[in-house]
Amino acid sequence: MENSVRPSSAIAYVYRGTFVHSTQQTALQILEDALLGVDTEGKIAFIGEGKELEKLSQTFGFSTSEVTQLEQHEFFMPGMIDTHIHASQYSYAGTALDLPLLQWLNTYTFPVESRFKDLEFAHRVYTQVVKRTLRNGTTTACYFATIHTDASLLLGKIANDFGQRAMVGKVCMDRNNGVKHYKESAQESQDETCRFIKELLNKKYPLVKPVVTPRFAPSCTGALLGQLGAIAKNNNLHIQSHISENVEEVQLVKELFPESESYTDVYHKYNLLTDKTVMAHGCHLTDEELDLFRETGASLSHCPNSNFSLCSGVLNVRNVLKHKVKLGLGTDVAGGYSASMLDAVRRTLDASKVLTIQDPEHNTLTFEEVFRLATLGGSQALSLDDITGNFEVGKDFDALRVNVAAPDGPIDLIQYEGPKTHLEKFLNLGDDRNIMEVFVAGRKVLPLTEPTAE
Ligand SMILES: [Zn+2]
């Protein structure tokens with residue numbers, strides 16, 4: 001095991017036991033009887049072996065009696081990263097799964113999203129989605145809100161209050177023939193985006209950042225896309241949107257932007273493909289478009305529950321990885337009906353198996369690879385891998401304390417089977433009952449603490 005040491009501030013706490021995570025080289029690295037220390041800034045100060053306890057306690061100045069020992073059926077894993085979730089759609093998650101994308105947006109999504117000008121309604125929904133995702137082990141979420149600036153700012157506040165790492169996007173759209181009152185003018189969208197960014201940054205929330213969010217090309221004029229590309233560039237901000245989710249949508253983009261070579265080219269033209277861009281879906285991208293993703297450093301968010309639920313398509317993740325495009329997983333609530341990243345892990349495996357059923361030559365993803373996509377892959381997709389994604393010294397401690405044998409939990413362990421089996425069982429069978437504690441940047445955020453009233 002690598003014994004990494006980082007000169008640091010004082011040690012806040014030390015855990016001893018099994019740690020599982022991914023590295024660039026290894027989809028699943030298991031560290032048994034390991035010692036991990038977190039400093040007072042919430043960063044990983046050291047990772048070493050149990051037998052080095054005395055030495056580490058002297059080097060880092062902590063008492064060996066203060067070390068917390070994990071149980072045999074427990075392990076730590078990195079917090080999961082939801083690279084694509086619509087916080088505003090959480091209110092109807094689990095319903096409205098009977099229409100394809102464009103009809104689904106007009107029938108269910110836009111009428112609900114237009115309600116978020118009501119801040120009381122927004123507060124209720126946003127509080128629930130942040131609490132639910134934290135309970136399910138989402139330490140970082142990349143959220144779409146709605147077109148309403150004040151409600152989007154409220155989502156940022158709620159994520160900050162509960163201690164979740166979040167990227168929050170005020171949605172931009174100046175084209176909507178389905179629900180005519182739910183749109184902005186290009187000028188309004190630009191002005192409100194600037195106000196949103198300024199006000200959110202002024203709050204100085206340590207873990208919550210704004211992300212420039214054109215809904216998707218069919219909802220935006222070229223003029224607006226160009227303005228948003230410039231705003232992102234001038235402020236060095238993240239960008240999120242959707243791409244190539246279903247065939248009808250790809251055709252519509254062709255009609256709306258006849259001058260562009262491809263859907264990807266539309267975003268590229270307007271400077272919306274950067275190494276801080278994450279695009280949801282990409283089910284129908286061509287190899288040439290994937291090349292453009294790699295060249296620009298833009299990433300994809302794979303949202304298989306949504307792709308199945310809206311019958312959109314099946315992304316070939318193996319092909320995306322072959323093109324060396326960064327990829328993370330997303331729940332895409334409410335196109336995806338589950339807000340749990342464990343569900344995204346399972347549906348990713350299912351999607352890969354569907355491709356193998358269709359073509360036995362297809363190389364099915366392993367659970368270890370999908371585990372990496374849900375953690376380190378997500379951090380890379382959001383360009384946050386210098387901060388989170390695995391247990392590297394110097395990164396923030398974003399972690400789940402998992403007990404596979406939690407009392408009254410969903411997993412029956414007949415005998416001790418070792419950490420790799422424990423992880424596989426948790427990923428396939430586990431739920432929030434197995435997640436005993438959640439840490440974000442070293443702070444324990446689960447069990448949840450309700451924010452105190454101002
Ligand atoms: Zn989406």
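For ligands, and for the atoms within them, numbers begin at 1 and follow the listed sequence.
- Residue His84 approaches the Zn ion (ligand 1) most closely through its N/O/S atom NE2.
- Within the 4.5 Å cutoff, the side chain of Ile243 has heavy atoms near those of the Leu285 side chain.
- Using a cutoff of 4.0 Å between basic side-chain nitrogens and carboxylate oxygens, Lys353 and Asp350 are not scored as salt-bridged.
- Taking backbone and side-chain atoms together, Asp332 has an N/O/S atom less than 2.8 Å away from the Zn ion (ligand 1).
- Aromatic ring pairs are classed by plane angle as parallel below 30°, tilted from 30° to 60° and perpendicular above 60°; the pair His84 and His242 is perpendicular.
- With respect to Arg195 and Glu192, a salt bridge is recorded, a charged nitrogen being found less than 4.0 Å from a carboxylate O.
- Rounding to 10°, one obtains 90° for the angle at the Zn ion (ligand 1) between NE2 (His242) and NE2 (His86).
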